[in-house]
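Have a look at the structure below, then the notes.
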Amino acid sequence: MSGLVDVLVITAVAGLVITRQFRASRIDTDRRWWVLPVVLGIVALREPGIIDAHHHTASVLLLAAGILVGLVTGAGWARTTRIWVEADGAVWSRGSRASVAVWVAGIVLRAGLFGVGAALGVRQDSSALLVALAATLLVRSGVLAWRVQGTRPAGMPGPAYGDAVSRPTRKEPA
């Protein structure tokens, strides 16, 4: 992908994720929560410019630090997300004010890493940022899925189709 397309993809994904975290959303534990982060990671890792050939060691260290920041941001985001169970057994989540602080800290740390790389003369491709975003989303989704498992008693199934439909009562013959 070109640099402009990378920036647009990263901006679109980050914007979607950030805006969705402050709306209550139902967590579906049966869906494949890992698919989007894995696809983003594969797309980013396919790019040839993820490591600067002229500053190999510094580039790898900056990439590793960026991924580490992504992992910590994802874990912090998931831990600060409010989770609750409705009467029908549906599990819901919503970001909190602490989630905003985690996002701000993650962005500041990533900007700091970019500044260090620029000071060292390391060419930094947007695919490194995309890998870090994929790590953030993967850890956040995994931790939320793990947290949700503890919110519902083991014997209580999730809501089924037609649960909200009222059924007529049968009158007993006199």
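All figures in this text were calculated on a predicted structure; none of them were measured in a lab. Residue indices begin at 1 and follow the sequence shown.
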Considering only distance and modelled atom types, tabulate donor-acceptor pairs under 3.5 Å from the side chains of residues 101-112, sequence neighbours left out.
| unit_1 | atom_1 | unit_2 | atom_2 | d |
| --- | --- | --- | --- | --- |
| Trp103 | NE1 | Gln21 | OE1 | 3.3 |
| Arg110 | NH2 | Thr136 | OG1 | 2.9 |

So which atom in Gly95 and which in Phe22 form the shortest heavy-atom distance, rounded to 0.1 Å?
O-CD2, 4.0 Å
My understanding is that only one of Leu137, Ile42, Val131, Leu133 makes a side chain to side chain contact (heavy atoms under 4.5 Å, CB included) with Pro37; could you say which?
Leu137
With Thr81 via side chain to side chain donor-acceptor pair (under 3.5 Å) - residues at least two apart:
none
Are Val122 and Val116 linked, directly or through intermediate hydrophobic residues, by side-chain heavy-atom contacts shorter than 4.5 Å (ILVMFWY only)?
yes
Smallest heavy-atom separation, Arg147 atom then Arg79 atom, equals CD-NH1, 3.5 Å
Under a single-linkage definition using a 4.5 Å side-chain heavy-atom cutoff for Ile, Leu, Val, Met, Phe, Trp and Tyr, are Leu130 and Leu138 assigned to the same hydrophobic cluster?
yes
List for me each residue that meets side chain to side chain contact (heavy atoms under 4.5 Å, CB included) alongside Ala64, sequence neighbours excluded, and say none if there are none.
none
For Ser141, the side chain to side chain contact (heavy atoms under 4.5 Å, CB included) test, sequence neighbours excluded, returns Trp33
Side chain to side chain donor-acceptor pair (under 3.5 Å) against Trp84, all qualifying residues, sequence neighbours excluded:
Glu86
Leu40, Val35: one ILVMFWY side-chain cluster at the under-4.5 Å cut-off?
yes
Hydrophobic cluster membership, with links at side-chain heavy-atom distances under 4.5 Å among I/L/V/M/F/W/Y: are Val43 and Leu45 in one?
no
Among all residues two or more places apart in sequence or in another chain, which pass the side chain to side chain contact (heavy atoms under 4.5 Å, CB included) test with Ala128?
Ile50, Leu63
Looking at every non-hydrogen atom in both residues, tell me the closest pair between Val139 and Gly74 and how far apart they are.
CG1-C, 3.8 Å
Ala78 meets the side chain to side chain contact (heavy atoms under 4.5 Å, CB included) criterion, sequence neighbours left out, with Arg140, Val143, Leu144
Candidates Val72, Thr73, Ile67 - the one meeting side chain to side chain contact (heavy atoms under 4.5 Å, CB included) with Val69:
Thr73
Salt bridge (Lys or Arg N to Asp or Glu O under 4.0 Å) involving Arg123 - partner list, sequence neighbours excluded:
Asp125
What is the minimum heavy-atom distance between Ala134 and Gly41, and which atoms define it?
CB-N, 3.7 Å
Spatial distance of atom CH2 (Trp92) from atom CD1 (Ile83) [nearest 0.5 Å]:
13.5 Å
List, one per line, each side-chain donor-acceptor pair under 3.5 Å for residues 54-62, sequence neighbours excluded.
| unit_1 | atom_1 | unit_2 | atom_2 | d |
| --- | --- | --- | --- | --- |
| His55 | ND1 | Asp52 | OD2 | 3.0 |
| His55 | ND1 | Gly121 | O | 3.4 |
| Ser59 | OG | Asp52 | N | 2.9 |

